[in-house]
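First up is the structure itself, then whatever we jot down about it.
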Amino acid sequence: MNYWLMKSEPDTFGIDDLAARPEQTEPWDGVRNYQARNMMRDAMRLGDRVLFYHSNCKPPGIVGTMEVVREGYPDDTAWDPQHKYFDPKSSPDKPRWYRVDVRLLERFPRLVSLDELRSRPELAEMRILQRGNRLSITPVSAEEWQIIHEIAAIAS
DNA sequence: GCCAACGTTGGC
DNA sequence: GCCAACGTTGGC
């Protein structure tokens, strides 16, 4: 099993939105970055676990976990001229963008903030903590996954 | 709202 | 294929 971290802005789509969806499941569409696309198309597998990270908010941090319930398939929002994620260079014949479906696994009892992640030497290698990182999907190690759960379980 | 970091675009 | 200009991300 692989572990990942995916960012979303809570103003656009946060963990509350995911919790409110039928079966608490949602297609993770709108990703328009090749590295992140490749991970969804080629590397993410059914049952993989995902940390849900709230970005561009106060405070940023990890709010819960998700599970991959459908592996990479074309993101058809790119084909709809009315859609904000429209990309004229993508077509049903030659899809340029992909998405996976995710389902909510658990909401953490509290947010694990970016500051807390930075304060843990064991997490220093996390991609999300590297200077200038903007990638919205990043791999996470099993150890990092475990440590983040331990942090979430203790009161702040 | 600022701005550093990084990705993409397009002229050459 | 180089690289300057531009757009986006996202913490602060």
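Model, not experiment: these values are computed from the prediction.
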query = Between A:Glu150 and A:Arg120, is the closest basic N to carboxylate O distance under 4.0 Å?
reply = no

OP1 or OP2 of B:dA5 under 4.0 Å from side-chain N/O of A:Arg131 = yes

message = Any side-chain N or O of A:Lys58 below 4.0 angstrom from OP1/OP2 of C:dC12?
response = no

key: Closest-nucleotide 5' rank along DNA chain B - winner of A:Arg96 and A:Asn133   = A:Asn133

query = Under 4.0 Å: is that the gap between some side-chain N or O of A:Tyr53 and OP1 or OP2 of C:dG11?
reply = yes

remark   = Atom NZ of A:Lys89 and atom P of B:dG7 are separated, to the nearest Å, by 17 Å

Atom-to-atom span, CG of A:Leu135 to C1' of C:dT8 - whole angstrom = 13 Å

key: Nearest-angstrom distance from the residue atom CZ of A:Arg127 to C1' of C:dG10   = 15 Å

message = Just the rounded figure in Å: distance from P of C:dT9 to CG of A:Asn33.
response = 10 Å

query = Between atom CZ in A:Arg32 and atom C1' in C:dT8, what is the gap in whole Å?
reply = 14 Å

ask   = With sequence neighbours left out, what residues match A:Arg96 under salt bridge (Lys or Arg N to Asp or Glu O under 4.0 Å)?
value = none

Distance flag, aromatic centroids of A:Trp97 and A:Tyr34, threshold under 6.0 Å = yes

key: Separation of C:dC12 P from A:Ile128 CD1 (nearest whole Å)   = 11 Å

query = A:Glu116 has an atom CD; how far is it from atom P of C:dG11, in whole Å?
reply = 15 Å

query = Can we say A:Asp75 and A:Arg32 salt-bridge, meaning some charged N sits less than 4.0 Å from an Asp/Glu carboxylate O?
reply = yes

request  = To the nearest Å, give me how far apart OH (A:Tyr34) and P (B:dT8) are.
outcome  = 7 Å

